[in-house]
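Residue numbers start at 1 and run along the sequence shown.
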Amino acid sequence: MEFHILPIVTFLMLGVAANAALSPEFYWKSVLPTTPMPKAITDLLLPDWKEEKDGSVDVGNGGVTVGVEKGNQGQGGGTDVNVGGGNGGVNVHAGPKGKPVHVAVGPHSPFDYNYGASETQLRDEPNLVLFFLEKNLHHGTKLDLHFSQTSNAEATFLPRPLADSIPFTSNKVNDILHRFSIKAGSDEAQVVKNTISECERPIIRGEEKRCVTSLESMVDFATSKLGNNVDAISTNVKKESEWQQYKIAAGVKKLGEKSVVCHKEKYPYAVFYCHKSDSTKAYSVPLEGGDGSRVKAVAVCHTDTSNWNPKHLAFQVLKVQPGTVPVCHFLPQDHVVFVPK
């Protein structure tokens, strides 16, 4: 799904273009100087935001445009912006009993644990997430998977001053649609409404969350919960492959039992649903494909699911009840987990 966004959505930063503090990358490095930026983040930085040798930052000709994809101009001077929720993902092959199954993300994120999925979400579609049991997270476990590459045309981060100037609330949906030249009643408009609705939904017990609309806000939320001595990690796929069987290789490593996980949302620019839970474990999981390809995946396991919606996708896929066993899932390539070092 694509949006046609008029170039009027700009932030005129007169007199401050040389201020490197406006660069999201510069902010990351100033707050997290010993934390490398994962590919899931660098892929979402506008190409024009590059630190020059003199310390200045080029923010374009008088402003910053939203999610520009070069060479893909829409009619009337608009710009095509991909808001399909991320081409990077974990696709799970539907197989015989006992095998993982396709789980269509649909209008609600599978990482919204308040949400009860309908039966129509258990179908064969490209945007998928795999849930599995923690007891199977060990060397030798075989899974039929498809890891797809993230796209360079993804919705990008906005600098915080611009992001903060744009409404992000259900009370201002009409204003948001107008700003991005989105037709009311369209599929694109529903995407915007769904994301905002998810961000405004009440938290579950033991969870702290925030939908961040800039990289700077993501850094602030993560460090407010974990401190500044953290690692930021995302699933690393070197090349896209076809459906195949992966085997969990030796070297599964627990990254920590305290984490902040940020999930990429469907929106015209980069928005992440970040949350911290007291009952999660993060793992680094090496996978070896049948064709010799290797994936360094990130998995998150939830040890207490008693407060989740009983009709959540995970319970339907795994045929288990809330609060009975730890439930795990791989993170798509455009999601990020922060863990203490």
Side-chain angles (χ1 to χ4, degrees), residues 28 32 34-42 86 88-90 92 100 109-113 129-139 141 143 145 147 150 203-204 206-212 215 218-237 246 248-265 272-287 294-308 312-314 318 323 325-341:
W28 176 291
L32 301 172
T34 64
T35 304
M37 191 178 290
K39 189 174 184 295
I41 297 298
T42 58
V90 182
V92 186
S109 168
F111 307 112
D112 177 2
Y113 306 117
V129 63
L130 173 63
F131 291 95
F132 59 97
L133 299 179
E134 189 179 28
K135 68 179 183 180
N136 296 323
L137 188 57
H138 58 77
H139 178 210
T141 294
L143 299 168
L145 302 170
F147 288 94
T150 54
I203 62 174
I204 61 175
E207 179 191 41
E208 299 175 79
K209 77 166 187 178
R210 180 181 303 165
C211 278
V212 298
L215 180 58
M218 178 191 291
V219 169
D220 287 351
F221 180 77
T223 55
S224 71
K225 306 304 175 186
L226 304 175
N228 295 62
N229 191 27
V230 297
D231 283 320
I233 305 165
S234 59
T235 293
N236 184 5
V237 180
Y246 283 87
I248 297 181
V252 174
K253 178 183 177 183
K254 183 187 290 185
L255 301 174
E257 297 189 8
K258 185 178 181 182
S259 64
V260 168
V261 183
C262 293
H263 306 287
K264 181 85 182 302
E265 292 291 321
F272 282 76
Y273 178 107
C274 296
H275 61 131
K276 174 186 175 293
S277 174
D278 296 330
S279 57
T280 58
K281 302 176 186 176
Y283 292 89
S284 174
V285 185
L287 299 170
R294 294 174 182 269
V295 174
K296 191 173 183 180
V298 175
V300 174
C301 296
H302 301 264
T303 58
D304 182 5
T305 60
S306 59
N307 294 308
W308 291 19
H312 187 272
L313 283 174
L318 300 174
V325 292
V327 171
C328 306
H329 58 80
F330 288 117
L331 289 184
Q333 296 177 71
D334 52 1
H335 297 205
V336 183
V337 61
F338 293 85
V339 294
K341 290 184 178 181

query: Quick check: are the SG atoms of Cys211 and Cys274 less than 2.5 Å apart?
result: no
query: For Tyr283, which residues count as a ring-ring contact (aromatic ring centres under 6.0 Å, His included) partner, sequence neighbours excluded?
result: none
query: Who pairs with Ala314 by side chain to side chain contact (heavy atoms under 4.5 Å, CB included), at least two apart in sequence or on another chain?
result: Phe131, Trp308, His312, Val327
message: Using the side-chain hydrogen bond (donor to acceptor under 3.5 Å, both in side chains) criterion, which residues pair with Thr303? Sequence neighbours excluded.
response: none
field: Contacts of Lys209 that satisfy salt bridge (charged side-chain N to carboxylate O under 4.0 Å, His left out) - sequence neighbours left out
entry: none
- line: For Asp231, the side-chain hydrogen bond (donor to acceptor under 3.5 Å, both in side chains) test, sequence neighbours excluded, returns none
- line: Applying salt bridge (charged side-chain N to carboxylate O under 4.0 Å, His left out) to Lys296 and not counting sequence neighbours gives none
- prompt: Taking only residues two or more places apart in sequence, or in another chain, which ones meet Thr141 in a side-chain hydrogen bond (donor to acceptor under 3.5 Å, both in side chains)?
  reply: His138
message: Checking His139 now: which residues fulfil side-chain hydrogen bond (donor to acceptor under 3.5 Å, both in side chains) with it, not counting sequence neighbours?
response: none
- prompt: By side chain to side chain contact (heavy atoms under 4.5 Å, CB included), which residues pair with Asp278, not counting sequence neighbours?
  reply: Lys276
query: Does any non-hydrogen side-chain atom of Glu207 lie less than 4.5 Å from one of Asn307?
result: no
Smallest separation among heavy atoms of Val336 and Ala40, with atom names: CG2-CB, 3.8 Å
query: According to the interplanar angle, ranging from 0 to 90°, do the rings of Phe330 and Phe132 count as parallel (below 30°), tilted (30 to 60°) or perpendicular (above 60°)?
result: tilted
query: Excluding sequence neighbours, so at least two apart, what forms side chain to side chain contact (heavy atoms under 4.5 Å, CB included) with Thr280?
result: Ser259, Ser277, Val300, His302
- prompt: In chain order, what residues pass the side chain to side chain contact (heavy atoms under 4.5 Å, CB included) check against Thr35, with sequence neighbours excluded?
  reply: Trp28, Leu32, Val230, Ala232, Lys341
task: Report yes if some heavy atom in the side chain of Ile233 is under 4.5 Å from a heavy atom in the side chain of Ser284; otherwise report no.
output: no
task: Quick one: closest heavy-atom pair of Thr223 and Val219, and the distance?
output: OG1-O, 2.8 Å
- prompt: Residues in salt bridge (charged side-chain N to carboxylate O under 4.0 Å, His left out) with Lys281, at least two apart?
  reply: Glu134
